[in-house]
Protein chains: 2
Amino acid sequence: MEPKTNITELNVSDFAMAFEELTRIFIRMPSIEKLSFTTLSVLHTLSLRSPMRLSELIATEQVTQSAMTQLVIRLERDGLVERRPDPSDGRAVLVRITPQGAKVIDSRRTERIMQIGKLMERLTPEERTSIASALPALTRLAELGND
Amino acid sequence: MEPKTNITELNVSDFAMAFEELTRIFIRMPSIEKLSFTTLSVLHTLSLRSPMRLSELIATEQVTQSAMTQLVIRLERDGLVERRPDPSDGRAVLVRITPQGAKVIDSRRTERIMQIGKLMERLTPEERTSIASALPALTRLAELGND
DNA sequence: TAAATTATATCAGTTATTTATATAAATGTC
DNA sequence: GACATTTATATAAATAACTGATATAATTTA
């Protein structure tokens with residue numbers, strides 16, 4: 001088991017460092033719709049899964065219940081989300097993203113893709129191919145991370 | 001030029017989506033030293049490059065001058081950074097990370113690497129190899145993004 | 001030398017977060 | 001079914017974190 005662990009450990013550290021650096025860059029790329037980290041994160045999560053309960057958002061976003069309640073109230077005020085009582089549980093609230101909220105995420109994503117595209121153009125064809133080859137594995141890694 | 005653009009565009013969109021998902025997961029992995037996004041980002045930036053001027057941090061972190069000044073004052077209060085006048089410019093302040101501040105970043109990184117390692121173990125050897133093969137290209141992409 | 005620009009501190013207000021408290025709905029126990 | 005416990009969320013008070021505005025001093029430019 002040990003040789004396998006050593007190989008994995010070496011790849012992981014390098015991978016993590018590269019990923020860290022790319023994250024640092026990509027996360028700041030969009031110049032539009034600059035909202036707070038948690039706001040963008042909530043909208044992003046809701047764009048993937050909607051509606052969600054407050055309690056679910058508290059778990060995914062790792063903030064306190066109070067913070068999430070107040071943030072969602074503000075987002076509702078600004079038209080980015082809407083809140084409805086959960087018909088299956090009288091205590092709960094369902095939060096869904098509005099088209100306006102979705103547009104925030106979509107427009108930022110579009111700009112980021114455009115800018116990453118420009119960087120990609122400056123890679124060699126071999127480099128681009130190696131990234132494309134790793135894409136299924138990266139996608140799989142994300143799936144594992146969501147389990 | 002067009003066929004090349006189309007190929008690049010296809011890869012970029014898929015890559016961006018996969019990256020987005022991985023970012024969402026990785027950024028929340030560490031369970032220790034949970035500080036605010038900008039706080040962690042400032043410490044991370046200072047761990048790569050130290051010392052930096054306030055004005056440089058304002059640019060890299062994309063917050064207002066006032067926000068950065070106040071944040072750095074709080075970080076200094078908490079022992080995570082230290083401030084010194086810049087000997088080459090009487091108006092400027094140099095900010096450097098303290099060992100305590102560096103420990104925040106290092107310990108979170110260590111935990112993240114450990115957890116990514118666990119996910120990696122669940123990939124096939126082929127999947128791991130494809131990611132390792134793409135690593136130089138990803139690293140290069142990061143360099144391009146820092147230009 | 002004076003004007004313009006740059007660098008940063010501070011203030012006042014809003015947003016964003018925490019802890020604490022409260023209320024009601026749902027679930028568990030007997 | 002009654003009561004205890006847990007769950008879900010709203011609200012209050014305080015601090016952190018952000019913005020725009022203002023101020024001061026150092027540096028650069030004309």
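Letters A, B, ... are given to chains in the order of the sequence lines, protein chains preceding strands, and every chain is numbered from 1.
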With under 30° as parallel and over 60° as perpendicular, where do the rings of A:Phe19 and B:Phe19 fit, or are they tilted in between?
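Answer is parallel, since the angle falls under 30°.
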Can [X] and [Y] be counted as having a side-chain donor-acceptor contact under 3.5 angstrom?
| X | Y | value |
| --- | --- | --- |
| B:Gln65 | B:Ser55 | no |
| B:Glu21 | A:Asn146 | yes |
| B:Gln70 | B:Ser66 | yes |

Basic-acidic side-chain contact under 4.0 Å: B:Glu82, B:Arg84
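Yes.
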When you check the gap from the basic side-chain N to the acidic O, do B:Asp86 and B:Arg91 get nearer than 4.0 Å?
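No salt bridge links B:Asp86 with B:Arg91.
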To the nearest 0.5 Å, what is the distance between CG (A:Leu71) and OG (A:Ser36)?
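Going from the CG atom of A:Leu71 to the OG atom of A:Ser36 covers 6.5 Å.
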If you round to the nearest 0.5 Å, how far is CG of A:Leu141 from CZ of B:Arg128?
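Separation between the atoms: 11.0 Å.
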Between [N] atom [atom2] and [X] atom [atom1], what is the distance in whole Å?
| X | N | atom1 | atom2 | answer |
| --- | --- | --- | --- | --- |
| B:Arg84 | C:dT8 | CZ | P | 16 Å |
| A:Arg53 | C:dA26 | CZ | C1' | 10 Å |
| A:Glu56 | D:dT7 | CD | C1' | 14 Å |
| B:Lys34 | C:dT19 | NZ | P | 12 Å |
| A:Ile58 | C:dA16 | CD1 | P | 17 Å |

Validation row: A:Ile116, A:Met29 side chains within 4.5 angstrom (heavy atoms)
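A:Ile116 vs A:Met29: side chains touch.
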Can you tell which of A:Thr98, A:Thr38, A:Ile105 makes a side-chain contact (heavy atoms from CB on, under 4.5 Å) with A:Leu43?
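Testing A:Leu43 for a side-chain contact (heavy atoms from CB on, under 4.5 Å) against A:Thr98, A:Thr38, A:Ile105 leaves exactly one candidate, A:Ile105.
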Interface residues of residues 88-98 of chain B with DNA chain D (non-hydrogen, below 4.0 angstrom):
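The stretch gives B:Asp89, B:Gly90, B:Arg91 as the residues lying under 4.0 Å from the strand, ordered by number.
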Quick one: bend of the helix from C:dT1-D:dA30 to C:dC30-D:dG1 from 5 pairs per end, to 10°?
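Overall, the helix from C:dT1-D:dA30 to C:dC30-D:dG1 bends by 30° from one end axis to the other.
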Before giving the answer on side chain to side chain donor-acceptor pair (under 3.5 Å), spell out for B:Ser130 and B:Glu126 the whole-Å C-alpha distance, their side-chain angles and the decisive distance to 0.1 Å.
CA-CA 6 Å; B:Ser130 71; B:Glu126 290 79 29; over 6 Å; no
Quick one: what's the B/S/- string for nucleotides 14-24 of chain D, heavy-atom cutoff under 4.0 Å, read 5' to 3'?
--SBBBBB---
